[in-house]
Amino acid sequence: MTNLLYNDEHIIGRLYKYFSAYFVTFPAPTAETLFLLVLSMLAMKSADSIRSLYRRFLSGVTLKSLNAFYYACSYAKADYAVFMNVTARLALRLSPGFLETQPVFLCIDDAMISKFGTKFEDVSKLFDHAAHNGSNYLNGHCFVSAMLCVPAWNRQKISYLAVPLGYRMWRKKESKLQLAASMVRKVTPEFSGKRNVIILCDSWYVKRDLVCVVNEYPNLELIGNARSDSVIYDLPPVKTGKRGRPAKHGWRLSMNEDFILSDGKIGDYYTGCRRVLTNIFGARQVMAYVTSPCKEGGSRRLFFSTVFPSQLQIFCAWQEKAPLNQTGSDWMQYIPLFLYSFRWNIEVSYYEQKSFWSLCSYMVRSRKGIEMLVNLINISCCAMKLLPYLEEPFSKYRNASVQEFRFILSERIRQQVFYANLVQNIETHIKSNIIIKALRQLCVKQMG
């Protein structure tokens, strides 16, 4: 039945060709096992457990045992770290030549997944400010993840497509900042041809352990929200030529007193900006933005950007969403702040994968097995976003929701499996005639 399933002319054959890029370095039996696991996730529209997928789908398309799928996740010699690079490589293919100069964004954040059991490896008590269980603590795992936002041309506009790259489990042996930095270092070589690759992160990640990565690559920048008590300084005074060591920085600045807010709202906020120095970035000058919902009074938020407006070559008029497509000459200095809004895509992705892709439902105990399964779910979700752009037969689903495309794809997968099983079980000419006669009677009955 394998030849019937993997035919290039059919849907499963196209999926096999797409996912083979992820498993090309794996041993052949492991690669096929993992592909079948991904295929079952798409066909059944959920991934509650490997056992459930096996009973409902896998046992009908393969002779492999249930243990083979557990083994492929937890013990096989397979490096799922390559998934991030493959996804980034595929996503970058979506940008046509005339969008080569547009920036791409690498969003960094972490997600908490609550687990009721205590048998999972590395499960622990975690603080979660967004927990809705009556306490700020939950029992579970913390995953650090990265998401890539790339410009694509759709409906005569620049539409940024958000593609989650991968997940890594935090194990307390290294900080989340160090784990995020290692993920950035792993995937950054894929962006060697890009002019501006901008990391977007919240105040938790704007610290030296992650910020130091920006200085390691010439095309890597960072825009992030910062703690309101971050120490910032004015630029150093002009050298006077007098004896003595020149000052490394100017006077310490106050977020509330030394930033003059704009007369009108820039987007949704009154905003002030200036070049500053801060201990987080060392001797490197950065842009500091202060925003407030009120002209006078009100709480203020602080943002840092290592990229200056003059370094960006962004086609504002062609942007799909505001406020970038509404900027005029007076707003150009605030473009780095507008770009920070792309970070929200990673929060949407967490909600989407937890609600519709069973991200929290894994029942594998080992750390490697959990990470493998979570990343298999992730590349399955990515396929629903990338395939409409990479495969012409799916192009009509570019503007459809991920869940809608997945539903249609699952129906076609199960139809092909049914067809393959039917053809395999028709062994003789006599059986064929019986099947054909039954189908004709069914057609006549439906027409009548």
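S95 places no side-chain N or O within donor-acceptor distance of the main-chain N or O of E100, the cut-off being under 3.5 Å. No donor-acceptor pair closer than 3.5 Å links the side chain of D122 to the backbone N or O of R367. Side chain of S349 to backbone of I346: no donor-acceptor contact under 3.5 angstrom is found. Using modelled atom types, one side-chain atom of T33 and one backbone atom of P29 make a donor-acceptor pair closer than 3.5 Å. Of the possible polar contacts, none joining the S40 side chain to the L53 backbone as a donor-acceptor pair under 3.5 Å is found. Panel note: side chain K115, backbone C360; a donor-acceptor pair is recorded below 3.5 Å.
At least one test fails for R301 against the ring of Y289: distance under 6.0 Å to the centre or angle within 45° of the axis. Both the sub-6.0 Å distance and the 45° axial angle are satisfied by K207 relative to the ring of W204.
No more than 12 heavy atoms of other residues, nucleotides or ligands sit less than 6.0 Å from atom CG of D268. Under a cut-off of 6.0 angstrom, the local environment of CZ in F98 is crowded, with over 12 non-hydrogen atoms contributed by other residues, nucleotides or ligands. For I260, the CD1 atom counts as loosely surrounded, since its 6.0 Å shell holds 12 or fewer non-hydrogen atoms of other residues, nucleotides or ligands. Annotation: Y269, atom OH; neighbour count of heavy atoms from other residues, nucleotides and ligands within 6.0 Å does not exceed 12.
Sorted by first then second residue, the salt bridge (charged side-chain N to carboxylate O under 4.0 Å, His left out) pairs that include residues 281-296, not counting sequence neighbours, are E221-R284, D263-K295. Residue pairs meeting the salt bridge (charged side-chain N to carboxylate O under 4.0 Å, His left out) criterion with at least one partner in residues 188-202, sequence neighbours excluded, are R89-E190. Each side-chain hydrogen bond (donor to acceptor under 3.5 Å, both in side chains) pair with one or both residues in residues 173-185, not counting sequence neighbours, appears once here: R185-E216.
Separation of atoms CG (N139) and CG (L126) is listed at 7.5 Å; rounding is to 0.5 Å. In this structure, the separation between CZ on R252 and CG on L277 is 14.0 Å, given to the nearest 0.5 Å. In this structure, the separation between OH on Y160 and CG on L148 is 10.5 Å, given to the nearest 0.5 Å. With rounding to the nearest 0.5 Å, the separation of CE in M44 from CZ in R406 is 10.5 Å. One finds the OH atom of Y334 at 5.0 Å from the OG atom of S262 (value rounded to the nearest 0.5 Å). To the nearest 0.5 Å, the span separating CZ on F308 from CE on M287 amounts to 7.0 Å.
Taking the six-membered ring for Trp and thresholds of 30 and 60 degrees, Y350 and Y167 have ring planes inclined between 30 and 60 degrees apart. The aromatic rings of F120 and Y362 lie perpendicular to each other, with more than 60° between the two planes, well past the 30° mark.
Counting all heavy atoms, side chain and backbone alike, Y233 lies closest to G250 at CD2-O, 3.7 Å. Heavy atoms only, all atoms of each residue included: A181 and D209 are closest at CB-O, 3.6 Å. Listed here is the closest heavy atom pair of L337 and T291: CD2-CG2, 3.6 Å. Shown here for A43 and S410, the closest heavy-atom pair between the two residues is O-CB, 3.4 Å. Nearest approach of S366 to E121, heavy atoms of both residues: CA-OE1, 3.4 Å. Scanning all heavy atoms of the two residues, the minimum distance from G267 to W331 falls at N-CH2, 3.5 Å.
Side-chain contact annotation: N219 with N196, donor-acceptor N/O pair under 3.5 Å absent. A side-chain N or O of S52 and one of R56 form a donor-acceptor pair less than 3.5 Å apart. Donor-acceptor pairing under 3.5 Å is lacking for the side chains of E404 and Y397.
Considering only heavy atoms from C-beta on, S74 stays 4.5 Å or farther from I370 through its side chain. T306 is not listed as a side-chain neighbour of Q285, based on a closest heavy-atom distance of 4.5 Å or more. Annotation: side chain of L235 is not in contact with side chain of H249 (no heavy-atom distance under 4.5 Å). Inter-residue side-chain proximity for F19 and I379 is flagged as met; some heavy-atom pair is nearer than 4.5 Å. At a threshold of 4.5 Å between non-hydrogen side-chain atoms, the residues L94 and L386 count as touching. Here the side chains of S145 and P164 are not in contact, with every heavy-atom distance at 4.5 Å or above. Side-chain contact check for N345 versus F342: some heavy-atom pair is nearer than 4.5 Å. The side-chain heavy atoms of I199 and Y205, taken from C-beta on, include no pair separated by under 4.5 Å.
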Working for side chain to side chain donor-acceptor pair (under 3.5 Å), residues Y22 and T87
CA-CA 8 Å; Y22 288 94; T87 302; 2.9 Å; yes
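Ring to ring, F35 and F23 are not that close: their centroids are 6.0 angstrom or more apart.
Residues satisfying the salt bridge (Lys or Arg N to Asp or Glu O under 4.0 Å) criterion with R227, sequence neighbours excluded, are D229. Every residue two or more places apart in sequence or in another chain that forms a salt bridge (Lys or Arg N to Asp or Glu O under 4.0 Å) with R274 is listed here: D234. Among residues two or more places apart in sequence or in another chain, the salt bridge (Lys or Arg N to Asp or Glu O under 4.0 Å) test is passed with R343 by D109, E347.
Between R14 and E391 there is a salt bridge, with a side-chain nitrogen of the basic residue lying less than 4.0 Å from a carboxylate oxygen of the acidic one.
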